[in-house]
Amino acid sequence: MTPGARRVRDAAARLFYERGIHAVGVDLIATEAGVTKKTLYDRFGSKDRIVVEYLADRDERWRAFLDDRLAVAPPDPATQILTVFDASREWAGEHSGRGCSMVNAHAEISDPAHPAYPVITGQKTWMLTLFTRLAREIDPGRGEDLGRTLMLLHEGALVTHGMAVFPDALGQARRQAETLLAEGR
């Protein structure tokens, strides 16, 4: 990615996250990135492609962030699950004051034909797969159900955090996950 393309993606990411995807036009993105609209279209082709790049970059950074946290956590599956909640809490404090970018994007992009839709749903499927894999290590017989329950706790906490319904939603969800995991032992 050229420096100009990175500036476009980064400006779009900030604007999309702060204002919403539909509320931000290419004119504003180009202005904020310090490039011409021609450069923007030469690099990305369309606003939809910029949305895809924004979400794919956000997803890639989240996965790397989480992988780093999981790599240094003790390897037992219950601790790994709680580490996901801890990592989400840390990420949200640093990067997600307005909630999960994928959830926010899905609120605006619910058409499966949109090129960003697979990025959005793919990230959530990846999270469900992670929770389910770890839950199966704890209890193979109820791993799928436990994984889904953990996913619901996690995603509900992300939404609640983004809406500022009450303080420390991710901490509350972690405590509930810890209780749930203790009941299964």
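This one's a predicted model, so the numbers in the text were calculated from it and none came from an experiment.
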List the atom of [X], the atom of [Y], and the distance in Å for their closest heavy-atom pair.
X	Y	value
A78	L181	O-CD1, 3.9 Å
A105	I120	CB-CD1, 3.8 Å
A169	H161	CB-N, 3.9 Å
G147	A135	N-CB, 3.7 Å
S101	Y54	CB-OH, 3.4 Å
P112	S110	CD-O, 3.2 Å

Measure the shortest side-chain to side-chain distance between [X] and [Y] over non-hydrogen atoms and say whether it is less than 4.5 angstrom.
X	Y	result
V72	D68	no
R89	D168	yes
L150	I81	yes
R9	R43	no
V51	V119	no
V26	F44	no

Just wondering, are more than 12 heavy atoms of other shown residues or ligands nearer than 6.0 Å to [atom1] in [X]?
X	atom1	result
R19	CZ	no
E90	CD	yes
R148	CZ	no

Worksheet item: Within 45° of the six-membered ring axis of F16 and under 6.0 Å from that ring's centre, is NZ or CZ of R58 located there?
Response: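 Ring-cation test returns no.
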Worksheet item: Is the NZ or CZ atom of R69 both under 6.0 Å from the centre of the six-membered ring of F65 and within 45° of that ring's axis?
Response: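 Yes, a cation-pi geometry holds between R69 and F65.
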Worksheet entry | Q80 vs L130, side chain to side chain contact (heavy atoms under 4.5 Å, CB included): CA-CA, chis, key distance, verdict | CA-CA 10 Å; Q80 292 277 300; L130 173 64; over 6 Å; no
Worksheet item: Using 30° and 60° as the class limits, which term best fits the ring planes of W91 and W62: parallel, tilted or perpendicular?
Response: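 Ring orientation of W91 relative to W62: perpendicular.
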Donor-acceptor check, side chain of [X] to backbone of [Y], threshold 3.5 angstrom: yes or no?
X	Y	result
H22	E108	yes
N104	R98	yes
E32	A12	no
T79	P75	no
R6	M1	yes
Y17	G99	yes
R14	D10	no
K124	M151	no

Item to complete: Go through T36 and T39 one step at a time and tell me if the side chain to side chain donor-acceptor pair (under 3.5 Å) criterion holds.
Response: CA-CA 5 Å; T36 65; T39 298; 3.0 Å; yes
Between atom [atom1] of [X] and atom [atom2] of [Y], what is the distance when rounded to the nearest 0.5 Å?
X	Y	atom1	atom2	answer
L153	T179	CG	OG1	10.0 Å
L128	F131	CG	CZ	9.0 Å
K47	I50	NZ	CD1	8.5 Å
H106	C100	NE2	SG	11.5 Å
I109	M102	CD1	CE	10.0 Å
I138	D76	CD1	CG	8.0 Å

hydrophobic_cluster_shared for [Y] and [X], side chain cutoff 4.5 Å:
X	Y	result
M127	V103	no
V84	W126	yes
V165	L158	no
V52	Y41	yes

Worksheet entry | side chain to side chain contact (heavy atoms under 4.5 Å, CB included) between L146 and L134, intermediate numbers included | CA-CA 9 Å; L146 179 57; L134 292 168; over 6 Å; no
Worksheet item: If you measure from the Lys or Arg side-chain nitrogens to the Asp or Glu carboxylate oxygens, is any gap between R63 and D59 under 4.0 Å?
Response: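 Between D59 and R63 there is a salt bridge, with a charged N closer than 4.0 Å to a carboxylate O.
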Practice prompt. Before giving the answer on side chain to side chain contact (heavy atoms under 4.5 Å, CB included), spell out for L28 and L15 the whole-Å C-alpha distance, their side-chain angles and the decisive distance to 0.1 Å.
Written response: CA-CA 9 Å; L28 180 57; L15 292 166; 3.9 Å; yes
Item to complete: Please assess D111 against Y117 for the test side chain to side chain contact (heavy atoms under 4.5 Å, CB included), listing each intermediate value before the final yes or no.
Response: CA-CA 7 Å; D111 179 3; Y117 193 82; 5.9 Å; no
